[in-house]
Amino acid sequence: MITAIPQPEARLLILEDEAAVAREAARRFVAAASRAVEAGTLCRVALSGGRTPLRTYRLLATDGMFRDSIHWPSMEFFWGDERCVPHDHPDSNYGAAWEALLRHVPVEQGRVHPIPDAPEPALAAEAYQATLRRAFGSDPVRFDLVLLGLGPDGHTASLFPPAPPAGEGDVLVAAARRPQDGSERVTLTPAALNAAHQILFLVTGAEKAEMLRSVLAAKEPDPAVPATLIRPDRGRIAWLADQTAAEWVAEETEDSHGGVEP
Ligand code: 6PG
């Protein structure tokens with residue numbers, strides 16, 4: 001069910017469960033890859049960290065319907081954010097995506113760009129900004145697809161409330177700190193994320209329902225809720241949610257007698 005929501009450019013797709021969200025995300029991943037190949041370009045994807053996207057990554061690596069529909073040598077991988085830990089650390093977003101997807105598919109050498117693990121997050125951010133500039137060459141840094149998750153506190157990537165790193169304009173990568181535990185992070189800035197052709201949020205689980213409802217109802221970007229800062233400059237944005245994360249839609253539909261578009 002496609003549901004129109006206050007953010008007019010955003011679309012909320014409510015799917016039965018986590019498996020259905022993963023399948024739809026994989027389908028859209030394949031579509032983005034196919035568009036790039038048809039255009040004769042690389043498909044540059046910024047992967048999300050966290051647990052939610054792992055099911056999608058595993059599906060892309062193992063389900064022939066998706067895996068065999070992707071021209072992997074045309075894919076180039078980046079990360080939306082990273083924890084400042086070694087790449088073989090269980091918390092590494094690079095490590096998680098490598099295990100779930102990248103080690104299983106024929107991606108070209110040199111087309112997987114992990115955020116470097118540097119002792120100083122600001123140095124890692126600077127180095128990654130240089131990596132982006134080098135990888136995109138004369139093209140603007142504009143991802144074909146950005147995958148993002150949502151935290152119950154309204155964070156996305158490693159843009160945490162109360163205010164994400166200043167990063168505007170040409171600052172594409174910033175150091176960050178997770179307030180809950182003070183852990184160091186490196187994250188793409190809203191400017192880098194919003195330049196993307198397509199942004200796909202994957203949100204599952206009842207614990208995210210209230211925040212998902214707030215973010216989608218937001219009329220204006222609010223630095224206290226960083227996910228509301230994610231509004232594509234020219235591209236498209238879609239939210240894939242399972243029924244538990246979107247349970248409020250049914251309530252609103254009942255309350256407003258169909259005020260939410262079918
Ligand atoms: C990270 C992610 C982060 C994640 C959300 C949701 O590094 O953890 O970038 O923004 O997407 O916290 O995480 P889950 O998918 O694990 O719920």
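All figures in this text were calculated on a predicted structure; none of them were measured in a lab. Values below: every heavy atom of this structure, side chains too, minus hydrogens, waters and symmetry copies.
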Other residues, nucleotides, ligands: >12 heavy atoms within 6.0 Å of Glu99 CD: yes
With a 6.0 Å cut-off (strictly less than), is the heavy-atom count around CD of Glu16, excluding the residue itself, greater than 12? no
So, for [X] and [Y], which heavy atoms are closest and what is the spacing to 0.1 Å?
X: Trp72; Y: Pro106; result: CB-O, 3.5 Å
X: Leu12; Y: Ala241; result: CD1-CB, 3.9 Å
X: Tyr94; Y: Pro114; result: CD1-CB, 3.4 Å
X: Ala245; Y: Leu212; result: O-CD2, 3.4 Å
X: Leu150; Y: Ala227; result: CD1-CB, 3.5 Å
X: His113; Y: Ala135; result: NE2-CB, 4.1 Å

Using side-chain heavy atoms (C-beta onward) and a distance below 4.5 Å, is [X] in contact with [Y]?
X: Phe29; Y: Phe66; result: no
X: Cys43; Y: Val37; result: no
X: Met75; Y: Arg111; result: no
X: Pro116; Y: Tyr128; result: yes
X: Pro226; Y: Pro161; result: yes
X: Phe201; Y: Thr52; result: no
X: Leu202; Y: Arg55; result: no
X: Pro121; Y: Arg185; result: no

Any salt bridge linking Arg35 with Glu38? Criterion: basic side-chain nitrogen under 4.0 Å from a carboxylate oxygen.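 Salt bridge between Arg35 and Glu38, a charged N being under 4.0 Å from a carboxylate O: no.
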Looking at [atom1] of [X] and [atom2] of [Y], how far apart are the two atoms once the value is rounded to the nearest 0.5 Å?
X: Met65; Y: Leu59; atom1: CE; atom2: CG; answer: 7.5 Å
X: Leu145; Y: Leu47; atom1: CG; atom2: CG; answer: 8.5 Å
X: Arg231; Y: Leu193; atom1: CZ; atom2: CG; answer: 14.0 Å
X: Thr187; Y: Arg83; atom1: OG1; atom2: CZ; answer: 11.5 Å
X: Ser158; Y: Trp79; atom1: OG; atom2: CH2; answer: 14.5 Å
X: Leu101; Y: Leu60; atom1: CG; atom2: CG; answer: 6.0 Å

Hey, mind stepping through Arg23 and Leu15 against side-chain contact (heavy atoms from CB on, under 4.5 Å) and telling me if it holds? CA-CA 10 Å; Arg23 274 196 306 277; Leu15 296 133; over 6 Å; no
Would you kindly confirm whether [X] and [Y] end up in one hydrophobic cluster when ILVMFWY residues are joined by side chain heavy atoms under 4.5 Å apart?
X: Leu123; Y: Leu188; result: no
X: Val85; Y: Leu102; result: no
X: Val105; Y: Trp98; result: yes

Answer yes or no: is there a donor N or O on one side and an acceptor on the other, between the side chain of [X] and the main chain of [Y], under 3.5 Å?
X: Ser34; Y: Val30; answer: yes
X: Arg28; Y: Gln198; answer: no
X: Glu82; Y: Asn93; answer: yes
X: His87; Y: Ile115; answer: yes
X: Asn194; Y: Pro190; answer: yes
X: Glu24; Y: Ile14; answer: no
X: Ser48; Y: Leu148; answer: no
X: Thr204; Y: Asp242; answer: no
X: Ser74; Y: Leu42; answer: no
X: Thr56; Y: Ala26; answer: no

Worked check of side-chain contact (heavy atoms from CB on, under 4.5 Å) between Arg234 and Arg142: CA-CA 10 Å; Arg234 287 168 292 168; Arg142 196 164 175 227; 3.6 Å; yes
Dump the intermediate steps for side-chain contact (heavy atoms from CB on, under 4.5 Å) on Arg236 and His197, then the final yes or no. CA-CA 6 Å; Arg236 291 176 293 126; His197 290 281; over 6 Å; no
Taking the cut-offs as 6.0 angstrom to the six-membered ring centre and 45 degrees off its axis, would you call Arg44 and Phe136 a cation-pi pair?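 Output yes; distance and angle both within limits.
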I'd like to check the salt bridge (charged side-chain N to carboxylate O under 4.0 Å, His left out) partners of Asp68; sequence neighbours left out, ordered by chain and number. none
Dump the intermediate steps for side-chain contact (heavy atoms from CB on, under 4.5 Å) on Leu147 and Tyr57, then the final yes or no. CA-CA 11 Å; Leu147 298 179; Tyr57 300 162; 3.8 Å; yes
